[in-house]
Amino acid sequence: MFVQVIQGQVTDTEQAHAAMDRWMEELAPEATGWLGTTAGCTEDGRFIALARFDSSADARRNSDSPAQDKWWHEFSSLLSDGNATFHDTEDVVTDIHGDPDSAGFVQVMQGAGSNPERAREVMGQHRDEWAAFRPEILGSEVAMYDQGDYTMAMYFTTEAEAREGEQKQPPPELQADMDEMNSLAAGPPTFFDLKHPWLYSPR
């Protein structure tokens, strides 16, 4: 899987949402290899999107199309400085326990780690135990790039259930996973709380 992370500050959240809807209606049918997009804006207007494709070649083919170029020109006019930040990667880890497209709340975290290989191993541990302990988590998607940087999207049933789940004390083996992941972090992450996520998929 290939993921492109796109982010920037928007001047009008509703117009940005309408532009994403328009992409879904007009461009998605022609986007070969497109698997879905998770996007949204925080309450202070920070936009972030994770666009998934089968391969980097499919993503490049889409970005090179005249229709995509025209759409992006229109969308970028909604960015406060006209610019966005892009991160491209094929180093993607997913963990799905439900239907992420039904999520009522998505929390995106960005940060950097000191040992991506070990982080990948820890994320692969105790998946069934985590699913049982936090049933409100429908899935996660982690895009890793630039030798330790990452963007992680967590899909929750609702924000209320996510906040309730945060307060639960995990059993020892899951607490150990959390402690090790925290020890691998190079500083605190940045959070994007998408209270009204825009979730798109081909189906």
Side-chain angles (χ1 to χ4, degrees), residues 1-10 12-25 27-28 31 33-54 59 75 84 87 89 91-111 119-120 122-145 150-168 170 174 177-178 181 189-203:
M1 185 191 296
F2 172 87
V3 168
Q4 182 172 68
V5 181
I6 311 152
Q7 60 194 99
Q9 186 79 25
V10 298
D12 189 309
T13 296
E14 290 186 8
Q15 287 189 32
H17 192 184
M20 292 294 294
D21 286 349
R22 191 165 64 253
W23 187 94
M24 181 65 188
E25 294 171 10
L27 279 74
W34 174 67
L35 302 175
T37 298
T38 296
C41 285
T42 62
E43 291 182 331
D44 59 356
R46 289 175 296 145
F47 166 81
I48 192 162
L50 291 84
R52 302 180 295 279
F53 287 85
D54 272 328
F75 183 86
H87 299 291
T89 183
D91 189 356
V92 181
V93 177
T94 60
D95 186 20
I96 307 300
H97 298 287
D99 178 14
D101 282 343
S102 70
F105 175 64
V106 174
Q107 186 172 70
V108 180
M109 289 157 278
Q110 280 189 328
R120 193 180 294 105
V122 176
M123 284 188 287
Q125 298 175 168
H126 304 120
R127 289 191 169 189
D128 291 342
E129 291 86 347
W130 275 112
F133 177 65
R134 296 289 301 275
E136 81 281 6
I137 299 177
L138 301 171
S140 65
E141 171 186 337
V142 187
M144 291 179 277
Y145 44 86
Y150 69 87
T151 297
M152 179 179 193
M154 298 282 292
Y155 301 82
F156 298 91
T157 49
T158 66
E159 183 180 10
E161 290 174 335
R163 300 305 182 193
E164 183 178 344
E166 288 175 357
Q167 304 305 313
K168 294 166 63 176
L174 302 188
D177 287 352
M178 290 178 61
M181 288 298 289
T190 299
F191 292 89
F192 298 76
D193 287 351
L194 307 182
K195 297 175 181 288
H196 305 285
W198 315 337
L199 304 169
Y200 304 98
S201 63
R203 55 188 168 83

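All residue numbers in this chain count up from 1 along the given sequence.
Within the 4.5 Å cutoff, the side chain of Y150 has heavy atoms near those of the P189 side chain. The closest side-chain heavy-atom distance from R120 to D91 is below 4.5 Å. Between E161 and R134 there is no side-chain heavy-atom pair separated by less than 4.5 Å. The side-chain heavy atoms of W130 and D95, taken from C-beta on, include no pair separated by under 4.5 Å. Here the side chains of R46 and T190 are in contact, with some heavy-atom distance below 4.5 Å. Taking the side chain as every heavy atom from C-beta outward, T157 and L138 approach each other to under 4.5 Å. Residues H17 and H196 form no side-chain contact, since every pair of their non-hydrogen atoms from C-beta on lies 4.5 Å or further apart. Looking only at side-chain heavy atoms (C-beta outward), V3 and H87 stay at 4.5 Å or farther from each other.
No close placement of the W23 and W198 rings is indicated, their centers lying 6.0 Å or farther apart.
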Take Q110 and T151 through the test side-chain hydrogen bond (donor to acceptor under 3.5 Å, both in side chains) and record every step on the way to the result. CA-CA 5 Å; Q110 280 189 328; T151 297; 3.0 Å; yes
Evaluate the criterion side chain to side chain contact (heavy atoms under 4.5 Å, CB included) for residue pair Q107 and E159; output intermediate values, then yes/no. CA-CA 9 Å; Q107 186 172 70; E159 183 180 10; over 6 Å; no
Test R52 against S201 for side-chain hydrogen bond (donor to acceptor under 3.5 Å, both in side chains), laying out the working first. CA-CA 9 Å; R52 302 180 295 279; S201 63; over 6 Å; no
Please lay out, stage by stage, how L199 and Y155 fare under the test side chain to side chain contact (heavy atoms under 4.5 Å, CB included). CA-CA 10 Å; L199 304 169; Y155 301 82; 4.1 Å; yes
Let's go through L174 and E129 carefully: what are the C-alpha distance in whole Å and the side-chain angles of both, what is the deciding distance for side chain to side chain contact (heavy atoms under 4.5 Å, CB included) to 0.1 Å, and is it a yes or a no? CA-CA 8 Å; L174 302 188; E129 291 86 347; 4.0 Å; yes
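Here the closest heavy-atom approach between residue D44 and residue Q9 is recorded as O-NE2, 2.6 Å. In terms of heavy atoms, G165 sits closest to E136 at CA-OE2, 3.6 Å. Between A39 and A49 the shortest heavy-atom distance is CB-CB, 3.7 Å. For the residue pair T42 and L194, the shortest heavy atom distance occurs at N-CD2, 4.1 Å. Across all non-hydrogen atoms, the minimal contact from R127 to T94 is NH1-O, 3.4 Å. Closest non-hydrogen pair, I96 versus S140, comes out as CD1-O, 4.1 Å.
Applying the ring-ring contact (aromatic ring centres under 6.0 Å, His included) criterion to F47, with sequence neighbours excluded, gives F75. Among residues two or more places apart in sequence or in another chain, the ring-ring contact (aromatic ring centres under 6.0 Å, His included) test is passed with F156 by F105. Under the rule for a ring-ring contact (aromatic ring centres under 6.0 Å, His included), H126 has no partner lying at least two apart in sequence or in another chain.
Between E25 and R22 there is no salt bridge, since none of the side-chain N atoms of the basic residue sits less than 4.0 Å from a carboxylate O of the acidic one.
Under the 3.5 Å distance criterion, the side-chain polar atoms of D99 are matched with a main-chain donor or acceptor of D101.
Note that OG1 of T89 and CZ of F2 are 8.0 Å apart. Values are rounded to the nearest 0.5 Å. Expressed to the nearest 0.5 Å, how far CE of M123 lies from CE of M152 amounts to 6.5 Å.
The local environment of CD in E14 is sparse, with at most 12 non-hydrogen atoms from other residues, nucleotides or ligands closer than 6.0 Å. By the neighbour-count criterion of 12 heavy atoms within 6.0 Å, atom CD of E164 is sparsely surrounded, having that number or fewer from other residues, nucleotides or ligands.
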